[in-house]
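What follows is a short report on a single structure.
Each chain gets a letter, A, B and so on, in the order its sequence line appears, and its residues count up from 1. The structure presented is a predicted model; accordingly, all values stated were derived computationally and were not measured.
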Number of protein chains: 2
Amino acid sequence: MNNRQRIIETSLSLFNERGTSAVSTNHIADAAGISPGNLYYHFSNKMEIIRTLFERLFAAWDEVFQLPVKRAPSMTDLEKMITANYQIIWQYRFVYREQAALLRQDTELQARYLEVRQRGYEGFAALIEAYVTAGVLSPPADDKELATLTELCWIVSEQWPINLELRGRAFDADGIMEGTNLMRWVLRPLFKE
Amino acid sequence: MNNRQRIIETSLSLFNERGTSAVSTNHIADAAGISPGNLYYHFSNKMEIIRTLFERLFAAWDEVFQLPVKRAPSMTDLEKMITANYQIIWQYRFVYREQAALLRQDTELQARYLEVRQRGYEGFAALIEAYVTAGVLSPPADDKELATLTELCWIVSEQWPINLELRGRAFDADGIMEGTNLMRWVLRPLFKE
DNA sequence: GTCTATATAATGATAGAC
DNA sequence: GTCTATCATTATATAGAC
């Protein structure tokens, strides 16, 4: 692994551990085993490191929220998507703990966030529609209802791991299962009997 | 208004504007029109100011999530609770933008948070039960279902204003109405036809 | 690419006079 | 209670040698 990569990995680990504002460029360089000067050769400041980590998160999102498969989707696909999303959130948990504060400081980054979020949103909406087409879920009353449902799923899935943390609970198999159940509740109005 | 109070009000306003880590005790003293030394007479450090603001937030929560009235509750009571909660979140929006990060730094504060959150949670659950008793909502299948529902409402209501912000949308009458509609969707499985 | 050394500024916090 | 003055520490960032 080259030093640029080492800086990125070390930063992610320190940010997740202590939060972005408690971690200085000196801390990062130190933990990465390089000099502060060297760090500034690779990145012009701390925010550029943070932005790089956001981009990695965005790439991970794009992979998870793709419209899957040609075949008719089963409920297992949905569960896989939810679980994969939880894993990503946990991997980049510092982002989810601070995202509103971080994006407010950087309007360009916020624009990128909105763009990628929109794609994820559309991918998830397409999945719901595929379920409706396949006859697994009942059709929503109208587009407005579909949008509300998608938004709700988004908020819950995005907040669930952090919510567990706020309550002092571990993000373990139990916690993931609970989160998946919560998502089932959200979708229940579309379940067929 | 005395200086202690002025420090608190000024801090809230600066934290909401720029975030806790971008605001120093010097900034606060400056904006409050007092000396840094004076600030340290009233508070021993920045975290103590943040803790004081959390306590004010907790007090506001306790008021909103009380079990209301002796009379049978109408759906208007629920809407009032939701709207009042949104107002509080907006007033202390810096907390909601950073809460996971802030509580991780201060285990005592996290314990307080859990305690107050639990009371709010119970107050909300009691309201749902009151609706069921009054025949406004259908009874949930069991306690587990009630707990899931309460948790879901909590997450959504807590995250809605910040969610609007993340999407670059204003927290105006429209946004509040959308949030209320979202809550209606969550409760829909209990609605009677 | 990487290091050491250093400039510059800001931060949290205290001492001591009034 | 409030101020001025000041300290020790840390942060970001750059210059220049290798």
Side-chain angles (χ1 to χ4, degrees), chain A residues 1-56 94-95 97-98 101-109, chain B residues 1-56 94-95 97-99 101-110:
Chain A
M1 191 165 50
N2 63 17
N3 276 339
R4 191 191 144 85
Q5 211 52 37
R6 214 188 309 276
I7 292 167
I8 294 173
E9 301 296 342
T10 308
S11 299
L12 176 58
S13 149
L14 288 177
F15 289 162
N16 279 340
E17 189 59 35
R18 295 187 238 156
T20 53
S21 50
V23 175
S24 72
T25 49
N26 282 4
H27 292 143
I28 298 169
D30 208 44
I34 62 169
S35 67
N38 193 358
L39 184 145
Y40 279 93
Y41 172 79
H42 290 287
F43 295 92
S44 58
N45 54 45
K46 197 166 96 177
M47 199 60 198
E48 204 181 297
I49 302 178
I50 293 173
R51 255 189 247 113
T52 306
L53 286 169
F54 264 91
E55 286 302 329
R56 295 207 338 183
F94 88 91
V95 169
R97 291 187 191 123
E98 310 176 38
L102 288 172
L103 293 178
R104 263 173 60 80
Q105 289 169 38
D106 188 329
T107 50
E108 258 184 66
L109 187 60
Chain B
M1 193 164 50
N2 63 17
N3 276 341
R4 192 191 144 85
Q5 211 53 35
R6 214 188 310 275
I7 292 166
I8 295 172
E9 301 295 342
T10 307
S11 298
L12 176 57
S13 150
L14 288 178
F15 290 161
N16 279 339
E17 189 59 35
R18 295 187 237 156
T20 54
S21 51
V23 174
S24 72
T25 49
N26 283 6
H27 292 142
I28 297 169
D30 208 44
I34 62 169
S35 67
N38 192 358
L39 183 146
Y40 279 93
Y41 171 80
H42 290 287
F43 295 91
S44 59
N45 53 46
K46 197 165 96 177
M47 200 59 198
E48 203 181 299
I49 302 178
I50 293 173
R51 256 190 245 113
T52 306
L53 286 168
F54 263 92
E55 286 302 329
R56 295 208 339 184
F94 88 92
V95 169
R97 290 187 192 122
E98 310 176 38
Q99 63 179 334
L102 288 172
L103 293 178
R104 263 173 60 81
Q105 289 169 37
D106 187 331
T107 50
E108 259 184 64
L109 187 59
Q110 208 213 6

Legend entry - Phosphate-side-chain proximity, N38(A) and dC3(C), N/O vs OP1/OP2 below 4.0 Å: yes
Inset, instruction - Please state how far atom CG in L39(B) lies from atom C1' in dT2(D), giving the value in whole angstrom units. - result: 12 Å
Inset, instruction - Would you mind reading off the distance between N3(B) atom CG and dT2(D) atom P, rounded to a whole angstrom? - result: 4 Å
Inset, instruction - Using only side-chain N and O atoms of H27(B), determine if any of them is under 4.0 Å from OP1 or OP2 of dA10(C). - result: no
Legend entry - Length of the line joining N45(A):CG and dT14(D):C1', which is rounded to integer Å: 13 Å
Inset, instruction - Nearest whole angstrom, please: distance from the P of dA13(C) to the CD1 of I28(B). - result: 11 Å
Legend entry - Lys/Arg N to Asp/Glu carboxylate O, R104(B) vs E98(A), below 4.0 Å: no
Inset, instruction - Give a yes/no answer on whether the side chain of S24(B) brings an N or O atom under 4.0 Å of OP1 or OP2 in dT11(C). - result: yes
Legend entry - Rounded interatomic separation in angstrom, taking CZ from R6(A) and P from dG1(C): 13 Å
Inset, instruction - Nearest whole angstrom, please: distance from the P of dG1(C) to the OH of Y40(A). - result: 19 Å
Legend entry - R18(A) side chain near H27(A) side chain, heavy-atom distance below 4.5 Å: yes
Inset, instruction - Check whether any side-chain heavy atom of L102(A) lies under 4.5 Å from a side-chain heavy atom of L109(A), and answer yes or no. - result: no
Legend entry - Working for side-chain contact (heavy atoms from CB on, under 4.5 Å), residues D106(A) and I50(A): CA-CA 11 Å; D106(A) 188 329; I50(A) 293 173; over 6 Å; no
Inset, instruction - Figure out the CD1/P separation between I7(B) and dG12(C), and round it to whole Å. - result: 14 Å
Legend entry - Distance below 4.0 Å between S35(B) side-chain N/O and dT2(D) OP1 or OP2: no
Inset, instruction - Provide, to the nearest angstrom, the distance between the CD1 atom belonging to I49(B) and the C1' atom belonging to dA13(C). - result: 12 Å
Inset, instruction - Select one nucleotide: of dC3(C), dT12(D), dT11(C), the one nearest the side-chain heavy atoms of I34(A). - result: dC3(C)
Inset, instruction - Return yes if some donor-acceptor pair links the side-chain N/O of T52(A) with the main-chain N/O of E48(A) below 3.5 Å, else return no. - result: yes
Legend entry - Under 4.0 angstrom between Y41(A) side-chain N/O and dT2(C) OP1 or OP2: no
